[in-house]
Amino acid sequence: MGRARTLCRPQLGRYRNQAEFAVWGTNGARPLAGKVAPGVIREPVPKIKHHIAGKPVELMAQLMAVMEGPILDPFMGSGTVGVACLQRGLPYIGIEVEPAYLEVACRRLEGALNGASGEAQTAAI
C-alpha cells in the first residue's frame with residue numbers, strides 16, 4: 001500500500017499513473033468493417049499545458065482517426081480536441097463555461113487554423 005501511494009501521487013508536469021477512458025457515441029450503428037481505435041495509446045505529457053487536465057493533441061488526433069462527421073466537445077477546456085479536429089479536417093463544435101479557458105481555446109484554435117491546410121480550414125468553418 002505504501003508503494004501504491006508513492007507511484008500514484010501527482011507530480012508537477014506529469015499525469016498521474018493511471019488509466020483514462022474515452023467515451024464516445026454514434027447516431028446509429030457503426031459498420032463492423034473499417035477503421036478501429038487502438039486499444040491503448042501512449043503519449044508523453046505535453047511540455048506546455050494550457051489546462052490543468054490538458055491532454056496531448058497527438059493523443060486526441062489518434063482518437064479522432066476513426067471519426068467521421070462533426071465532433072461535439074461539451075467540455076472544451078483549452079481546445080485540444082478542436083486542434084486535433086483541425087489537423088484531421090473534421091468539423092468541430094466546442095462548448096466551454098469558463099470564460100478564461102474559452103479565451104485560451106479560441107487563441108489555440110485560431111493559431112491552429114492559421115497554420116492548418118486549406119482542407120482543414122474549410123472543415124472548421
So for atom CD, which belongs to E103, do other residues, nucleotides or ligands contribute more than 12 heavy atoms lying within a distance under 6.0 Å?
no

Would you say L86 ends up clustered with L102 if hydrophobic residues are merged whenever their side chains have heavy atoms under 4.5 Å apart, either directly or through other cluster members?
yes

Test applied, side-chain contact (heavy atoms from CB on, under 4.5 Å); reference residue, T80; option that passes from R108, H51, H50
R108

Nearest heavy atoms of [X] and [Y], plus distance in Å:
| X | Y | value |
| --- | --- | --- |
| A61 | A84 | N-CB, 3.5 Å |
| G69 | P91 | O-CD, 3.8 Å |
| L90 | M67 | CD2-O, 3.8 Å |
| G79 | A105 | N-CB, 3.7 Å |

Tracing side-chain contacts under 4.5 Å among Ile, Leu, Val, Met, Phe, Trp and Tyr outward from V97 reaches none

Side-chain hydrophobic cluster, 4.5 Å single linkage: members besides I95:
L72, I93

So do [Y] and [X] actually touch side chain to side chain, heavy atoms under 4.5 Å?
| X | Y | answer |
| --- | --- | --- |
| L109 | M76 | yes |
| V81 | M64 | yes |
| Q62 | L59 | no |

Taking atom CD of E58 and atom CD of Q87, what is their separation to the nearest 0.5 Å?
7.0 Å

For residues 67-88, pull every pair meeting ring-ring contact (aromatic ring centres under 6.0 Å, His included), keeping only residues two or more places apart or in separate chains.
none

